[in-house]
Amino acid sequence: SKGVPKLQLRGLLQSEESKQPVGLMSVEGFGTFLVTEGETISLHDGKANLVLRIVSIEPNSISVEVGTLNQVIMVR
């Protein structure tokens, strides 16, 4: 396992209909994802499966729980 790919916060959006913020997060080798709090992203690289769960979205960061490590990473 190579571990966790590089994660980077690309931007934040605030929907007018929903008060829930939407984050734009890039995942190295997988592309850019629109994410909301509570959402789970499953990444497959042919060898391993990595699950990322979006814990919270703040004005300057996204908290991501990494399934295999069972820890929360702040993405800025």
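Given the structure is predicted, the values throughout are model-derived calculations rather than measurements.
- Applying the side-chain hydrogen bond (donor to acceptor under 3.5 Å, both in side chains) rule to Thr32 yields no partners; only residues at least two apart in sequence or on another chain are considered.
- The shortest heavy-atom contact between Val72 and Ser63 is CG1-CB, 3.8 Å.
- Glu39 and Thr36 get closest at one heavy-atom pair: OE1-N, 2.9 Å.
- Two different hydrophobic clusters hold Leu24 and Ile73 under the rule that ILVMFWY side chains link at heavy-atom gaps under 4.5 Å.
- Remark: the backbone N or O of Lys19 is paired with a side-chain donor or acceptor of Gln14 at under 3.5 angstrom.
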(request) Determine, stepwise, if the pair Val35 / Leu52 fulfils side chain to side chain contact (heavy atoms under 4.5 Å, CB included). (result) CA-CA 10 Å; Val35 296; Leu52 304 177; over 6 Å; no
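- In this structure Thr40 satisfies the side-chain hydrogen bond (donor to acceptor under 3.5 Å, both in side chains) test with no other residue, sequence neighbours excluded.
- Every side chain to side chain contact (heavy atoms under 4.5 Å, CB included) that Leu9 has, sequence neighbours left out, goes to Leu12, Ile62, Val75.
- Residues Val64 and Met74 do not share a hydrophobic cluster, defined by chaining ILVMFWY side chains whose heavy atoms lie under 4.5 Å apart.
- With sequence neighbours left out, Arg53 forms a salt bridge (charged side-chain N to carboxylate O under 4.0 Å, His left out) with Glu65.
- Taking every heavy atom of both residues into account, Gln20 and Glu37 meet most closely at NE2-O, 3.4 Å.
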(request) Assess whether side chain to side chain contact (heavy atoms under 4.5 Å, CB included) is satisfied between Leu43 and Asn49, documenting all intermediate values. (result) CA-CA 6 Å; Leu43 305 172; Asn49 181 23; 5.6 Å; no
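- When side chains are defined from C-beta on, Val27 does not count as touching Ile41, because their heavy atoms never get closer than 4.5 Å.
- Transitive grouping of hydrophobic side chains (ILVMFWY, heavy atoms separated by less than 4.5 Å) brings Leu50 and Phe33 into a common cluster.
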